[in-house]
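In what follows, chains carry the letters A, B, and so on, assigned in the order in which the sequence lines appear, proteins first and then strands, with residues in each chain numbered from 1.
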Protein chains: 2
Amino acid sequence: MTELTKRDQEVLGAVVTDYIQTGEPVGSRTISKRYGIRVSSATIRNVMADLEELGFLLQPHTSAGRIPTDKGLRFYLDSLMQSKALEDAERAMIRQAFQGMQKDLKETLHRTSRILSKFCRQAGVVLWPKLSSTRFRHIEFVRLRPQQVMAVLISKSGLLHHNLLELKEDIGQDELDKYSQYLNELLQNVPLGEVKRRILAEMKKEKVIFDQLYSRALEMSQRVFHENLESSDIYIEGQTNLFNNPEFSDMQRMRRILEALEDKSRIVKLLDMTLKTPTGVRITLGSESELDELQEISLISSPYWRGDTLLGVLGVIGPLRMDYSRIIPVVEFTASLLSQLLEDPETC
Amino acid sequence: MTELTKRDQEVLGAVVTDYIQTGEPVGSRTISKRYGIRVSSATIRNVMADLEELGFLLQPHTSAGRIPTDKGLRFYLDSLMQSKALEDAERAMIRQAFQGMQKDLKETLHRTSRILSKFCRQAGVVLWPKLSSTRFRHIEFVRLRPQQVMAVLISKSGLLHHNLLELKEDIGQDELDKYSQYLNELLQNVPLGEVKRRILAEMKKEKVIFDQLYSRALEMSQRVFHENLESSDIYIEGQTNLFNNPEFSDMQRMRRILEALEDKSRIVKLLDMTLKTPTGVRITLGSESELDELQEISLISSPYWRGDTLLGVLGVIGPLRMDYSRIIPVVEFTASLLSQLLEDPETC
DNA sequence: TGTTAGCACTCATCTATGAGGAGTGCCAAG
DNA sequence: CTTGGCACTCCTCATAGATGAGTGCTAACA
């Protein structure tokens, strides 16, 4: 496979840039006139034909200009694009939007996704931290009715998880309180990812084996932690912003997209994928996601942290044709702001 | 104002029925041919002209048939329509859909709204019970960091409410535990709607006035109950079903609708209105809601109960032109099924 | 007086047609 | 290798006419 020459890249870059701005196929004339490339349109045409042959561009029909293929777009994103720095005014506005907020974690994440959608004029998305990424703070068992107990789990970061347990036999609130007390002491500050192991270890201890109370408490807690500490939910906000994009002016397409977003589990999967190798802002084109329903969309995402702990991912969902050079810095900045907000020595 | 004659009503009924089925303006010929009214189309035309003058029908343009106005639709719903009974097969399917469910209340409500959307092929909506409609079961204060406490409130029905409190001075977990203990005893089983009053009463008691612990506990609890026990959230599911309706095939309109649904507070307001006079299935046309953004939609709603206690509202949101005679029984049946599920002597 | 057939008229929708224009590919000359 | 020129393609848009559903009105009829 041939390398792209400097000029090839310039032309490809110009096509993508123009296409992102206008959404229309780009002609050779436009390129030679508007993008300081000092050759004639005929030359550009030759270059474009080459780029098409290599799979970077395509023509919707014979007498139209070129639009980038996914491959072309990917090359642009990886090698050609340079994102503008975010203007101070804009930074200030985003910072402002975070002001005056409840400290509640979920509320914060919800607001973050609204902020993303608003400043990028696309759909904003925030993946919750997994419970496993935070530390144990408190567990409580509350008897709602005979043989039915609600377990409430609170993490140090203020994440709440509840869980309805059906019991084989009834247990009184007094005894449940003892369970809580014991477990709270035992698990205080343990990372929730390790809790299961800790419980298993504890169950082997002699004092536990011979003490009904302890062993029943541990058994019960197992049922709570058995649950999906790995699973998580997301906030998606500003879906209707997607109507702004002319490429979604086709009803069928818009419907497909919204249906895909309605089933949040798919989006969770998509975001989870990017969690595996958390490296700054990343762009996932729909075609790279192996999810058929998401072919036509693009995700700009960034992980967010508390100190060194990776908590989750946030980002923006929009069409393939997006103003990446603007949105990338916004996502980056928002992620860093959120991370900063969550940073706090006392929590984790 | 003149009364409508029997025939007028028949014609109006036929127009609405046909319009609901086809979505197209209905002509005089269609009526005289298809709806066992034994007069000629010319006569029908006269009747229709009268109905138009009275504001029950309107013509999109001179050479088109008639479609019902809101007023016409309202008359049809109130006086003419008779909803079919739900087929046994369908009842069974809905019942089936509720099978094998976690007992968790929120989960149940969420599922309910999915069921509504699925069986009616429109958007399903379920308003959460207000906290004030249930009874106190448990309160817990957990210290997350210095001067920051998470308060968790659990109702007997298994509703969870949490609340982050910022304190002026730090309070240790030990003391917080005493607060919880005291409050749990004091408020056990008190309807949450009455809790505030109870607390105020308690604060006046001598033993409380002179005991720091008691009074601080009550103060703290006030901050929890001060919050909006009246507010509630909703589940809206199956929004994309709205794409099925040809009247929403206009992008602009669809966008307006989805934007209206995205801001859930409006829909909450709409549902809240119907809560005030809870009487079986009720239909609210957008134009009757005083909310500009909802002009083009219609809500079929029914309250759901636990025993005698009104918990919330569920329903279906769709276009004005809906198959009411089918959806009404579905909503009615679903509401009664849900009420039945929630019915349980031990809870409230 | 109410009902009906008939007829002229309106107007949205559909189809065909053609002009206009953006953009291409290719060729021959520089 | 680059460029100007030219024929060609094909999308888009506007126009015009045909079609047909449906109406309002009138005159005749029971």
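If you check every strand for non-hydrogen atoms under 4.0 Å, A:Ala64 touches sugar and phosphate atoms only. Within the nucleic acid shown, A:Ser28 comes within 4.0 Å of sugar-phosphate atoms alone, with no base atom in reach, counting heavy atoms only.
B:Ser32 has its side chain within reach of B:Ile44: a pair of non-hydrogen atoms, C-beta onward, lies under 4.5 Å apart. Residues B:Thr279 and B:Arg282 meet the side-chain proximity criterion, which asks for heavy atoms closer than 4.5 Å. The shortest side-chain heavy-atom distance between A:Ile115 and A:Ser117 does not fall under the 4.5 Å cut-off. In this structure, the side chains of B:Ile257 and B:Gln239 stay at 4.5 Å or more apart for every pair of heavy atoms.
Between B:Glu296 and the choices B:Arg255, B:Arg321, B:Arg256, the salt bridge (Lys or Arg N to Asp or Glu O under 4.0 Å) rule is met once, by B:Arg256.
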- side chain to side chain contact (heavy atoms under 4.5 Å, CB included) between A:Ile317 and A:Leu261, worked out: CA-CA 10 Å; A:Ile317 287 178; A:Leu261 295 188; 4.1 Å; yes
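Note: CD1 (B:Ile67) to C1' (D:dA21) measures 16 Å, nearest angstrom. For the pair B:Arg66 CZ and D:dA21 P, the interatomic distance rounds to 18 Å; values are reported in whole Å. As rounded to whole Å, 10 Å separates atom P of D:dC1 from atom CG of A:Asn46. In this structure, B:Asp50 places its CG atom 14 Å from P of D:dT23, rounding to the nearest Å. Rounded to whole angstrom, the span from the CZ atom of A:Arg45 across to the C1' atom of D:dC1 amounts to 15 Å. Regarding B:Met48, its CE atom lies at a distance of 9 Å from the P atom of D:dG24, rounded to whole Å. Per the geometry, CD1 belonging to B:Ile44 stands 15 Å off C1' belonging to D:dG24, to the nearest Å.
Listed pair A:Arg29 / D:dG4 fails the phosphate criterion, with no side-chain N or O lying under 4.0 Å from OP1 or OP2. OP1 or OP2 of D:dT3 lies within a sub-4.0 Å distance of a side-chain N or O belonging to A:Thr43.
When atom types are taken as modelled, the side chain of B:Thr30 and the backbone of B:Val26 share no donor-acceptor pair closer than 3.5 angstrom.
Closest contact between the side chain of B:Ser63 and the listed nucleotides D:dA21, D:dT9, D:dC11 involves D:dA21.
Scanning atom types as modelled, no donor and acceptor separated by under 3.5 angstrom connect the side chain of A:Ser40 and the base of D:dT3.
Note that the first and last nucleotides of DNA chain C, 5' to 3', having any atom under 4.0 angstrom from a heavy atom of chain A are C:dA22 to C:dC26.
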